[in-house]
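Worksheet for the structure shown next.
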Amino acid sequence: PTGAYPAYWCLPSLLVPTRPTIAYPAYHCLPGLPLPTPPTSAYPSLKRDMIFTKQEIVEINHLRHYLIDKVGDAFSADDYRKLKDNLRMAISQGKVHRDAFGLNPIVTAMQTARICVDEIGLRRDSVIATLLYACQATDYADMAARYGDSVEHIVHGLQKIQHLYDKNPVIESDNFRNLLLSFAEDMRVILIMIADRVNVMRQIRDTSNKEAQHEVSEEASYLYAPL
């Protein structure tokens with residue numbers, strides 16, 4: 001199709017369906033979920049579903065192979081299977097939404113993970129934690145059982161920082177920076193946050209949303225550049 005592809009087109013070994021009349025929600029990319037009967041019109045509720053564009057699907061596949069290759073044997077086939085399940089569940093439950101710039105959080109998380117690996121030297125636990133954080137995963141006991149205590153610890157730290165942001169809309173203070181460091185507990189949490197801001201700034205260089213762009217750059221300059 002010339003427009004946005006349904007996300008299930010990205011996966012190997014799936015039969016390619018006939019061209020649909022509209023783009024399907026992204027959760028249909030994942031095995032085990034039935035493909036819908038093509039509707040004759042787009043229902044309003046579908047507009048709120050996460051749709052992956054063709055370009056995003058290509059990038060996800062490229063990043064997936066790249067990260068698996070770079071992390072190596074530390075990232076097992078079982079890790080991949082479990083992560084795919086987490087992503088599928090998060091999308092089907094409506095936990096994944098584009099940000100103020102229209103960026104796809106799954107793509108953004110994988111781009112951030114690549115920065116963590118290439119430019120910082122982080123490996124398996126940080127890559128998995130970055131993707132789980134994008135899924136809004138909060139079942140820490142299950143997380144520890146599936147991926148290990150280290151992954152759970154990183155995700156918990158990322159979530160605690162997010163709660164800190166929610167409670168403190170004004171971040172231009174030394175107190176907020178000190179709270180950020182104390183809440184993180186694990187330095188890998190701070191490194192992932194820095195990688196995330198670096199990635200977002202790279203992605204929004206040409207955005208028309210100048211106000212939000214300015215807010216991101218101010219935050220990065222005040223909070224993360226000194227770190």
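Atom CD in Gln159 sits 9.5 Å away from atom CG in Asp166 (nearest 0.5 Å). How far OG1 of Thr112 is from CG of Asn199: 4.0 Å, rounded to the nearest 0.5 Å. Rounding to the nearest 0.5 Å gives a distance of 4.0 Å between CG of Leu87 and SG of Cys135. In this structure, CG on Asp118 lies 5.0 Å from NZ on Lys70, to the nearest 0.5 angstrom. In this structure, CD1 on Ile154 lies 11.0 Å from CE on Met143, to the nearest 0.5 angstrom. If you take CG on Asp142 and NZ on Lys82, they are separated by 9.5 Å, rounding to the nearest 0.5 Å.
A donor-acceptor pair is defined here as one N or O able to donate and one able to accept, closer than 3.5 Å; such a pair exists between the side chain of Thr108 and the backbone of Asn104. Remark: the backbone N or O of Leu122 is not paired with any side-chain donor or acceptor of Ser126 at under 3.5 angstrom. In terms of modelled atom types and a separation under 3.5 Å, the side chain of Gln213 and the main chain of Phe101 share no donor-acceptor contact. Side-chain atoms of Tyr222 do not come within 3.5 Å of backbone N or O of Arg177 as any donor-acceptor pair. With hydrogens and angles ignored, the 3.5 Å screen pairs a side-chain donor or acceptor of Arg205 with a backbone N or O of Arg202. Without hydrogens or angle criteria, Glu56 side chain to Thr53 main chain gives a donor-acceptor distance under 3.5 Å.
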Begin from the C-alpha positions of Lys160 and Glu185 and carry the test salt bridge (charged side-chain N to carboxylate O under 4.0 Å, His left out) through to its verdict.
-> CA-CA 10 Å; Lys160 286 170 70 175; Glu185 297 180 354; 2.8 Å; yes
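Side-chain contact between Tyr66 and Met110 is absent, with no heavy-atom pair separated by less than 4.5 Å. Under the 4.5 Å side-chain criterion, counting only non-hydrogen atoms from C-beta, His62 is in contact with Arg114. You'll find the side chain of Arg146 reaches within 4.5 Å of the side chain of Asp85, heavy atoms only. Side-chain contact between Val155 and Thr130 is absent, with no heavy-atom pair separated by less than 4.5 Å. Side-chain contact between Leu180 and Leu227 is present, with heavy atoms from C-beta onward closer than 4.5 Å. Within the 4.5 Å cutoff, the side chain of Met89 has heavy atoms near those of the Gln93 side chain.
Residues Val71 and Ile68 fall within the same hydrophobic cluster, defined by Ile, Leu, Val, Met, Phe, Trp and Tyr side chains chained together at heavy-atom separations under 4.5 Å. Residues Val216 and Tyr133 fall into different hydrophobic clusters, defined by Ile, Leu, Val, Met, Phe, Trp and Tyr side chains chained together at heavy-atom separations under 4.5 Å. Tyr140 and Leu132 fall within the same hydrophobic cluster, where Ile, Leu, Val, Met, Phe, Trp and Tyr residues are linked whenever their side-chain heavy atoms come under 4.5 Å apart, directly or through other members. Using a 4.5 Å cut-off between side-chain heavy atoms of Ile, Leu, Val, Met, Phe, Trp and Tyr, with links allowed through other members, Ile106 and Leu67 fall into the same hydrophobic cluster. Under a hydrophobic clustering in which Ile, Leu, Val, Met, Phe, Trp and Tyr are joined whenever their side-chain heavy atoms come within less than 4.5 Å, directly or via other members, Ile91 and Val107 fall into the same cluster.
Under a cut-off of 6.0 angstrom, the local environment of CD in Gln162 is crowded, with over 12 non-hydrogen atoms contributed by other residues, nucleotides or ligands. Heavy-atom contacts from other residues, nucleotides or ligands closer than 6.0 Å to CE of Met187 number 12 or fewer.
Counting all heavy atoms, side chain and backbone alike, Ala195 lies closest to Ile120 at CB-CD1, 4.0 Å.
Tested against Leu158 for a side-chain contact (heavy atoms from CB on, under 4.5 Å), the candidates Ile190, Asp186, Asp196, Ile192 yield a single pass: Ile192.
Side-chain atoms of Arg124 and Ser76 form no donor-acceptor pair, as typed in the model, at a separation below 3.5 Å. Residues Glu59 and Gln111 bring a donor and an acceptor atom of their side chains to less than 3.5 Å of each other. With 3.5 Å as the limit, one finds no donor-acceptor pair spanning the side chains of Asp78 and Tyr147.
Ring centroid separation for the pair Tyr165 and Phe176 comes in under the 6.0 Å cut-off.
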